[in-house]
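Below: the structure, in structure tokens.
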Amino acid sequence: MRMKKAFIGLSLLCMIVPGIAKSADSLNSVAENDRSSIVANWKFTKQHVKSGSIDKGNLIIEDTTKQGNDLELVTIGDPASPELKNMLKWSEEDYYAQDKVDSLKFANYENAPAGRYFKTKRDAPINSENFDRGFTIEFVFKMPRKPKSDMGLFSRQGQAAYLNKMEGEKKILSALSISSDQKLHWTSHPSNLNYNVSNWSRSLNAGEWYHLAVVNDGSTTTLTLNGVSDYGESERAIGIAALKGKGWNIGATELGNKLDALFAGNIQEIRIANRALTEKEWLVQDARDDEPFEGSNKSFPILTNKKNYNFLFVPDTQKYSSQNPEIFNSQMNWISNNTKKNNIIMNTFVGDIVDSDSEKQWQNSLRAISFLEKKEIPYMMAAGNHDYAAGDPFLTHYGPQRFMNKKYYKGSAPSGYSSYAIAKAGSYEYLVLIVDMKNLHKDLEWSKKVLERHKDKPTILVSHDIIFPKVKDDKTIAVDSTNGRLIWNELVKNHNQVFMTVNGHFYGIAHRVKQNSAGNDVIQMLVNYQTNYRGGNGWLRLVEFDEKKNVLLFRTYSPYVDGMTRKEKSYIDYKFLTGENNSFKLDWDFKHRFNFR
């Protein structure tokens, strides 16, 4: 088990200065002069059991602040189930490694006959806390070695409908959960808004310990996981809406006033403050992942031979348009200055250009795109679900009129959303076909006619929604969405010239090679980094075509990170991502695959 730098430093200090406690408690407190801001602190250790036991199902975990926010164990399902015995137990595993602090291990799983979680006592003061001055929610927890589909860490009981919120009646008030693709999701209904705001983390690793801090400064909420923060919400979010008589769940979320997802893994400590704590006041000041994902800051050539050429795909830019326009600008500026050098034939956006229908966000995107326009760099755009709104703002800003005078552009569907382009590269003329997500059924016949007229052109089909990632046996695989199945059956399977599909929309990355009706390979890629910190960190997907060596080289590169100084970079800022879904090579017999006779 790894040791954190902060604790290694403390251990050395203990050897030198007598009387300094070596336990984790010496680091687990806010400055002595401001303990009043901590409204609850739960340590899931035997030492902090107030009464009862796991075996009897009446365990009470004390609130170490002594403010009355004790937790009581809740058992659901069949109380006589033999599996209940292992659903919750003490574990010698702990975050701090050298301190031998125990933790509670949860083993809940989907459709189990019984399950266990904790809730605050009915009269706990934290139940009515609105956190209008801000808040800090800290978790020290460990992921299970085999993560289940969805897991709940922390949630406020009740439904938004009871507060006359605009969301549906089953909308949860506030919850911290882990999605099926192992990303943390904090969603909360602030006191000042009629809808929830959210923060996401990057993917978590199975079997690893994490320190999480969700911090609201009275306006912006930021999620920090092992020392790295995501972007903050752009909207002013004040407090956490509460319902009278409702408390908090630990190890569970709710949906429609019913328990939804239970937690599996270890919890060691949870601490809640009614203000934004500084990083120096957190439970852990120097948390680091062993390897959050694979990457490199070495220099790799994006074009390995001057006769080769690249196609570039821009993953969902919605978080850049809404919160980090400087990242969007850096991407487009790099493309505009490096298209000729790296022989980039076409730059294709996979959709979700903006996060919501805000003119400010559309203008942010237009400023970024202006880098391409000024140098007449070729690009095509697919719309995503976040781009549709009353008045068709996507068509206003990126409709057919924008592309009409560009030589590579060849036309759009009557809807205006689907379109196609033809670009010469190497020995071939390539067709790039945009098939719109929302107008898929309406544009299907138009898309077929485009393919029928260009049977001789190798075709890349781009749509916002085609495949999504699914974890199976600890490995990410690609699966058809409903739209993706229709696209495959109607536009890909029997159109031999379609050799690649690319999409965004779903959180994560995945790729696969599938055979069409002719028995030929079709490459399918999902590229979407919006739930990574900074909304994607500027990563772009490039595919280099090497006709001489008969290979396709896939790279994931961030010009934004590449432009950072060493001081500006965090420990997971990589200009190249190198994992198996981010950097790979496929053998590709061009003459055989592109022989459409």
ask   = Taking it one step at a time, do Asp521 and Arg593 satisfy salt bridge (charged side-chain N to carboxylate O under 4.0 Å, His left out)?
value = CA-CA 8 Å; Asp521 289 345; Arg593 182 60 185 89; over 6 Å; no
message = Let's go through Trp186 and Phe154 carefully: what are the C-alpha distance in whole Å and the side-chain angles of both, what is the deciding distance for ring-ring contact (aromatic ring centres under 6.0 Å, His included) to 0.1 Å, and is it a yes or a no?
response = CA-CA 9 Å; Trp186 166 252; Phe154 188 57; 7.1 Å; no
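- In this structure, Trp200 has its ring center under 6.0 Å from that of Tyr507.
- Side-chain contact between Trp362 and Pro393 is present, with heavy atoms from C-beta onward closer than 4.5 Å.
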query = Could you walk me through whether Leu431 and Val450 pass the side chain to side chain contact (heavy atoms under 4.5 Å, CB included) check?
reply = CA-CA 10 Å; Leu431 186 147; Val450 170; 4.0 Å; yes
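- The number of heavy atoms from other shown groups lying within 6.0 Å of NZ (Lys442) does not exceed 12.
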ask   = What's the verdict on salt bridge (charged side-chain N to carboxylate O under 4.0 Å, His left out) for Lys424 and Glu429, showing C-alpha distance, side-chain angles and the deciding distance?
value = CA-CA 4 Å; Lys424 177 78 170 64; Glu429 278 192 333; over 6 Å; no
message = Does Trp334 form a ring-ring contact (aromatic ring centres under 6.0 Å, His included) with Tyr557? I'd like the steps, not just the answer.
response = CA-CA 11 Å; Trp334 181 86; Tyr557 166 72; 5.0 Å; yes
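- Ion pairing between a basic and an acidic side chain is recognised when a charged N comes within 4.0 Å of a carboxylate O; Asp392 and Lys438 show no such pairing.
- Between Arg402 and Glu373 there is a salt bridge, since at least one side-chain N of the basic residue sits less than 4.0 Å from a carboxylate O of the acidic one.
- Between the side chain of Asn489 and the backbone N or O of Arg485 there is at least one donor-acceptor pair closer than 3.5 Å.
- Ring-centre distance between Phe545 and Phe311: below the 6.0 Å cut-off.
- Contact check for Leu440 versus Val435: side-chain heavy atoms found under the 4.5 Å cut-off.
- In this structure, Tyr210 has its ring center no closer than 6.0 Å to that of Phe139.
- Within the 4.5 Å cutoff, no side-chain heavy atoms of Ile353 are placed close to those of His397.
- Around atom NZ of Lys455, no more than 12 heavy atoms belonging to other residues, nucleotides or ligands sit under 6.0 Å away.
- Salt-bridge formation is detected for the pair Lys575/Asp562: a Lys NZ or Arg NE/NH1/NH2 atom is positioned less than 4.0 Å from an Asp or Glu carboxylate oxygen.
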message = Walk me through whether Tyr379 and Phe403 qualify under ring-ring contact (aromatic ring centres under 6.0 Å, His included).
response = CA-CA 9 Å; Tyr379 69 97; Phe403 298 91; 5.3 Å; yes
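- Counted within 6.0 Å of CD on Glu568, heavy atoms from surrounding residues, nucleotides or ligands total more than 12; the atom is thus considered enclosed.
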message = Set out, in order, the CA-CA distance, both residues' side-chain angles and the distance that settles salt bridge (charged side-chain N to carboxylate O under 4.0 Å, His left out) for Arg512 and Asp480, then state yes or no.
response = CA-CA 11 Å; Arg512 70 179 178 189; Asp480 284 318; 2.6 Å; yes
task = Mind running side chain to side chain contact (heavy atoms under 4.5 Å, CB included) on Asn364 and Glu359 for me, showing each step along the way?
result = CA-CA 8 Å; Asn364 283 343; Glu359 188 56 30; over 6 Å; no
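- You'll find the ring centres of Phe349 and Phe313 outside the 6.0 Å limit.
- Surrounding NZ of Lys449 are at most 12 heavy atoms belonging to other residues, nucleotides or ligands under 6.0 Å away.
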query = Does the pair Thr253 and Asn249 meet the rule for a side chain to side chain contact (heavy atoms under 4.5 Å, CB included), with working shown?
reply = CA-CA 7 Å; Thr253 52; Asn249 302 315; over 6 Å; no
